[in-house]
Peer 1: 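Pasting a structure below so you can have a look.
Source: prediction; values computed, not measured. Here is the naming used below: chain letters follow the sequence lines, and residue numbers restart at 1 for every chain.
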Number of protein chains: 2
Amino acid sequence: MAFSDLSRPELGLGPVPKATLRAHIAERLRAAILAGDIAPGAPLTETALSTRFNVSRGPLREAMRQLIEEGLLVTVPYTGTHVAALSVEDVREIYSLRTALEIFAFEQVWEHRDDRFRLELHRRNEALLASIDAGDDRTSIGAELALHGLVFEASGHKLLQRAWHGLRGRLQLYWAAHHRAHGMRGPRRDSHDSYIKAALGSDLDALRLEIADHMRRGAVVTEKFVSGESRKGDKT
Amino acid sequence: MAFSDLSRPELGLGPVPKATLRAHIAERLRAAILAGDIAPGAPLTETALSTRFNVSRGPLREAMRQLIEEGLLVTVPYTGTHVAALSVEDVREIYSLRTALEIFAFEQVWEHRDDRFRLELHRRNEALLASIDAGDDRTSIGAELALHGLVFEASGHKLLQRAWHGLRGRLQLYWAAHHRAHGMRGPRRDSHDSYIKAALGSDLDALRLEIADHMRRGAVVTEKFVSGESRKGDKT
DNA sequence: TTATGCCAAATTGTCAACAATCGACGATCA
DNA sequence: TGATCGTCGATTGTTGACAATTTGGCATAA
């Protein structure tokens, strides 16, 4: 009958995500932080936020826990919570680990790169170029993350995707702070040409070098300024 | 005066860890799961646990969230929570990502391997050998994790350590389940000889191969049995 | 017999009040 | 004047009660 293949994944008929309050709160709070509506270092009190969102402190706390886990917030027991401020060293770590993970992701995908993968890579690059041309920095940050995220999605490696998500939030936090402090990040239009070429090529070692180089170029701004010095002794 | 050097780190006079209830609960619950006192797939109800630990559901929930984050628990809203059951694919992912991370860790440490590092590596291997001779599987699991954990600690790379912790919990869960199902894991006494030799050698490429091989040997048991098939559609 | 609708028990989600802790300010005393 | 100690306001930690949701079984009707 017509429903014999209801389980086809491409129809998007998987489980509907349950919407709990904490999920919504986490989403909005994350967006607010990454948009820079709340500056790094700014204190976030549970009571203030709970009234602002018009929810009780319970779900709010759980949402904050999640953002803490993602590296966006820092809390010290009985004292307070504030938006994470990345140190220069933190940014270095983000980029170095990111290099390792992205190379690993390509190793996983390498033999399985099909037309769909190639097409999607080009598509996301087009989207990035369009957002750059439009001068919309916020969108172009998302577009660049989407571009680099493709290989992680394509890997089908759930743990790897998880690690990437953990990194992505921190990266976004850094880019957002950097953008606020220096205006346009100003990625050149051709910044990903060699990356894509290597990603679709046949020389895995060349891609390894290209990724390492790509990250190095991205991380140099590190030295100029980051969102602030991280405080010492912060811990969950 | 006598207290002039109170800040000497070797005295262990650093900040006392704040003890919040959720931290204690998380610790004990984690221990109970990894010890196998609660079998994979077994349901964990908040009310039951809260009475068992004699705390309210608030801190208990937060502790459970943390274990969910660590991959030890799985929950579906409004329905229930159970101990995670790893699939064969999950175990494969754990080992493959672990390989990549451990190699990356060694790359970070490589130029900074000093006598202290070498000594500690030998010390932890001795501890592993002792626990194997003693036939104490539980201790030897901890000893093996400690041995492999050294390079992550030595790297000084906080994000990397974080990723390792995320992996370690899942690995421990797998080992514990495997041990319960098959008795002794039975690592041979010499299982880490070549690993340590390569780790202290001068050929980084050789170490890369050795780690990949070491993980392959560790992951073969995967095919025989894991703690159970994971359910589909589980998500936080 | 099969499908449908409904009910009830169990479980998690949410809330508002209370307790514990921290950091800073100011009083107190040498 | 300087340091020390107590106090106070603010913030997070914890609790117990209540609400929302899900699941499975059962009655019912086609």
Peer 1: Would you call the rings of W164(B) and F152(B) parallel, tilted or perpendicular, taking 30° and 60° as the class edges?
Peer 2: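 If you compare the ring of W164(B) with that of F152(B), the planes turn out parallel.
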Peer 1: Quick one: do M64(A) and L60(A) satisfy side-chain contact (heavy atoms from CB on, under 4.5 Å)? Show the steps, please.
Peer 2: CA-CA 6 Å; M64(A) 291 178 81; L60(A) 181 82; 4.2 Å; yes
Peer 1: Under 4.0 Å, counting only non-hydrogen atoms across every strand here, what does G80(B) touch: a base, just sugar-phosphate, or nothing?
Peer 2: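 G80(B): backbone/sugar contact only, no base atoms under 4.0 Å.
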Peer 1: Separation of I68(A) atom CD1 from dG13(D) atom C1', in whole Å?
Peer 2: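 It works out to 13 Å between those atoms.
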Peer 1: Looking only at atom types and distance, does a side-chain atom of E93(A) sit under 3.5 Å from a main-chain N or O of K158(B), one as donor and one as acceptor?
Peer 2: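 Pair found, side chain donor or acceptor close to backbone of K158(B).
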Peer 1: How many whole angstroms separate atom CG of L21(B) from atom C1' of dG13(D)?
Peer 2: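 Answer to the nearest Å: 8 Å.
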Peer 1: Taking only side-chain nitrogens and oxygens of R57(B), does any of them come within less than 4.0 Å of OP1 or OP2 of dG16(D)?
Peer 2: no
Peer 1: Output the rounded distance in Å from CZ (R22(B)) to C1' (dA20(C)).
Peer 2: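 In whole Å, dA20(C) C1' and R22(B) CZ are 14 Å from each other.
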Peer 1: Mind calculating the distance between CG (L44(A)) and C1' (dT12(D)) to the nearest angstrom?
Peer 2: 13 Å
Peer 1: NA contact type, L49(A), heavy-atom cut-off 4.0 Å: base, sugar-phosphate, or nothing?
Peer 2: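 Nothing: the residue L49(A), judged by heavy atoms under 4.0 Å, touches no strand.
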Peer 1: For DNA chain D, whose closest nucleotide is more 5', that of M64(A) or that of S56(B)?
Peer 2: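 The 5'-side residue here is M64(A).
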Peer 1: With sequence neighbours left out, what residues match T139(A) under side-chain contact (heavy atoms from CB on, under 4.5 Å)?
Peer 2: S131(A), D136(A)
Peer 1: Evaluate the side-chain proximity of F104(B) to H157(B): yes if any heavy-atom separation is below 4.5 Å, no if none is.
Peer 2: yes
Peer 1: In whole angstrom, what separates F53(B)'s CZ from dT15(D)'s P?
Peer 2: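 After rounding, the gap between these two atoms is 13 Å.
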Peer 1: To the nearest Å, how far apart are R61(B) CZ and dT11(C) P?
Peer 2: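 Those two atoms, CZ and P, are 14 Å apart.
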Peer 1: In whole Å, I'd like the distance from the CG atom of L60(A) to the P atom of dT14(C).
Peer 2: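 L60(A) atom CG is separated from dT14(C) atom P by 11 Å.
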Peer 1: Within the side chain of R92(B), is there an N or O that forms a donor-acceptor pair under 3.5 Å with the backbone of V88(B)?
Peer 2: no
Peer 1: In whole angstrom, give the distance that lies between atom CD of E46(A) and atom P of dA16(C).
Peer 2: 15 Å
Peer 1: Counting only side-chain N and O atoms of R65(A), is one of them less than 4.0 Å from OP1 or OP2 of dG13(D)?
Peer 2: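 Checking dG13(D) against R65(A), a side-chain N or O does come within under 4.0 Å of OP1 or OP2.
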Peer 1: Does N54(A) or T81(B) map to a spot on DNA chain C nearer the 5' end, using the closest nucleotide for each?
Peer 2: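 Result of the comparison: T81(B).
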Peer 1: Would one find a side-chain N or O of T79(A) under 4.0 angstrom from OP1 or OP2 of dC22(C)?
Peer 2: no
Peer 1: Can you tell me how far apart CG (L167(B)) and CD (E102(B)) are? Round to the nearest 0.5 Å.
Peer 2: 10.0 Å
Peer 1: Give one of base, sugar-phosphate or nothing for P59(A), where a contact means two heavy atoms less than 4.0 Å apart.
Peer 2: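 It contacts sugar-phosphate atoms only.
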Peer 1: Can you give one letter per nucleotide of nucleotides 5-10 of chain C, 5' to 3': B if a protein heavy atom sits under 4.0 Å from the base, S if only from the sugar-phosphate, - if neither?
Peer 2: ------
